[in-house]
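What you see is a predicted model; the values in this text were computed from it and never measured. Protein chains get the first letters and strands the later ones, always in sequence-line order, with residue 1 at the start of each.
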Amino acid sequence: MNKVLMKGNEAIGEAAIRAGCLNYFAYPITPQSEVAEYLSKRMPEVGGVFLQGESEVAVSYMIFGAAACGERVFTTSSSPGISLMSEGISYIVGAECPAVFVNIMRGGPGLGGILPSQADYLQATKGIGHGDCRLLVMAPASVQEAVEMVMMAFPLAEKYRNPVIILGDGLIGQMMEPVVFPDHLKSAPSNKDDWATSGMETRKSNKRNLVKSLYLDPEALNAHNLKLKAKYDRMKEEEIRYVTYNTEGDYSVLIVSYGTMSRVCRSALESLKTQGLEVALVRPQTLFPFPEKAVFDAASKESCRHVLSVEMSMGQMVEDIERSVQGKRPVSWYGKCGGEVPTPEEVMDAVKDLMRT
Amino acid sequence: MQTEVMFAGFGGQGILLSGKILAEAAMDKDLEVAWVPSYGPEMRGGTAYCTVVISDKPIGSPIIRNPMHLVAMNRPSLEKFAAAVKPGGVVLVNSSLIAVTSERDDVDELRVPVTEIAKGLGNPRAANIVALGAFVARSRILDFEVIQAAVRKEFEKKKHFIEMNLAALEEGRKAATP
């Protein structure tokens, strides 16, 4: 496999093509505009469609349309753009269509800034759209992992007939790292004849398919929501992904951190080790479903006295960690939210402060 | 071992490209690399910079407060970043545009008039490549042949630029190793 040096945004675009997605509709926004720039050139080369919508709202319904027709389709945006797509995403969830969204997060709220942030955690994991609406949320910590998650996202979206969102921060989009596009993650689109409005002639069937999110009958809507809930429950059973670092021996502090921030924590953890201070790290790769048990187990270690959430938000992940830890250990937060990525030295200071308490 | 190089200068001086060529070269030697740009609003008119992290292990934090080395193409970037360089690192100063020094006695300050050298080659835009050649030769961060190969690869699709850029690298090397 050839290793190439690529910017995260471009690698995300290429990964979607390698995953067999030939439809990309988007509206540009910093810090992810290079995905659109890259695919505006690349999609026509592979016979795919690049289309710039007139707004993110329009884009979300273009995604809905293509997904309802059984096409693999994806879009990328950044925080304010995802907010605009929120309504369409809820419709797509309600209509049970597979699609892939990528949010290269920037600082907020409002226009905020254009630098890296992780402040859309709660939006992605709990409030992506109105109604009982959940997405599978994956968080890459490197350009390579972004590639792999994008390639995995399409079959996962089809498995659940539910959108998947990749939650990266601005640095994942802007950074260049070596990447390979693993052949084993290529996948053929699933057969959607049972439900997609792909045209009765193309699927050689007399069955009429209807894609909708409207259920005026209360019993039918309740049953529909129970069906959706069963899918979210199944995600919790089958899709939790995480990585642990330094959890084998004793440690007094457990850090929970994801994305770029988790790499900074990893560096901090290694430096603390050289000073004789042992710290462990759980890095969730899926944020919904959250690796509750892994966090609980790591926090329950006898030697562990504190759990620290390190994130580029004002502590949005803390409630998921507290829920997982179930009161066994105090959970605190360290982070920055203006676009500056905390350095390993700053994380080390936060850990040492905690050890002193 | 991990090392970091910060390239800094005006937007338009080819800062990001120098960093990219170095990153490509290191990747081709099977090292781990991360190329981290500044993409803030300061890019227009102000200081543009990128950091290249090179390591033989998976790279943790791509955010580096204290790089091992600095290539400063203009005065604001030298003033902004010189103090952050780790002791013992190379600080390459584009003496064509920077009259002041790093004011450090614990780094290897290398003053090369890269803009004038590039003008002498008939292409002032190659100043970044002159700087890259000088930096690699002085720091020995990679073998010089590796960076030459990376320059050839970078300009593969614009072959007429290859000779000129290799010449720029070479002039940088000469200036750095008298």
| query | Going from NZ on Lys3(A) to CG on Asp30(B), what distance comes out if it is rounded to the nearest 0.5 angstrom? | reply | 4.5 Å
| Is Lys86(B) atom NZ crowded by more than 12 heavy atoms from other residues, nucleotides or ligands, each under 6.0 Å away? | yes
| task | Please confirm whether the backbone N or O of Ser61(B) pairs with a side-chain atom of Arg263(A), one donor and one acceptor, at under 3.5 Å? | result | no
| Counting only heavy atoms not in Tyr334(A), do more than 12 sit closer than 6.0 Å to its OH atom? | yes
| field | Pro62(B) to Leu171(A) - nearest heavy-atom pair and separation | value | CG-CD2, 3.9 Å
| task | Please name the pair of heavy atoms, one in Trp35(B) and one in Lys7(A), separated by the smallest distance, quoted to 0.1 Å. | result | CZ3-CE, 4.3 Å
| remark: dist Leu5(A):CG -> Ile21(B):CD1 (nearest 0.5 Å) comes out at 11.5 Å
| said: Looking at Arg42(A), I want to see if its CZ is surrounded by more than 12 non-hydrogen atoms of other residues, nucleotides or ligands under 6.0 Å. | reply: yes
| note | With chain B, the option among Glu270(A), Glu345(A), Met176(A) that has the most non-hydrogen atom pairs under 4.5 Å is Met176(A)
| task | Could you tell me the separation between the CE atom of Met175(A) and the CD1 atom of Ile63(B), rounded to the nearest 0.5 Å? | result | 8.0 Å
| Side chain, backbone, both or neither of Val4(A) within contact of chain B (heavy atoms, under 4.5 Å) | backbone
| message | Around atom CD of Gln52(A), are there more than 12 heavy atoms from other residues, nucleotides or ligands closer than 6.0 Å? | response | yes
| Between OG of Ser142(A) and CD of Glu32(B), what distance do you get to the nearest 0.5 Å? | 9.5 Å
| said: Is it the case that atom CG in Asp105(B) sees more than 12 heavy atoms from other parts of the structure closer than 6.0 Å? | reply: no
| field | Over 12 foreign heavy atoms within 6.0 Å of NZ, Lys29(B) | value | no
| note | Among Ile64(B), Asn66(B), Ile59(B), Val36(B), the residue with the most heavy-atom pairs under 4.5 Å to chain A is Ile59(B)
| What closest approach, in Å, do Pro58(B) and Arg266(A) show between heavy atoms, and which atom pair accounts for it? | O-NH2, 3.7 Å
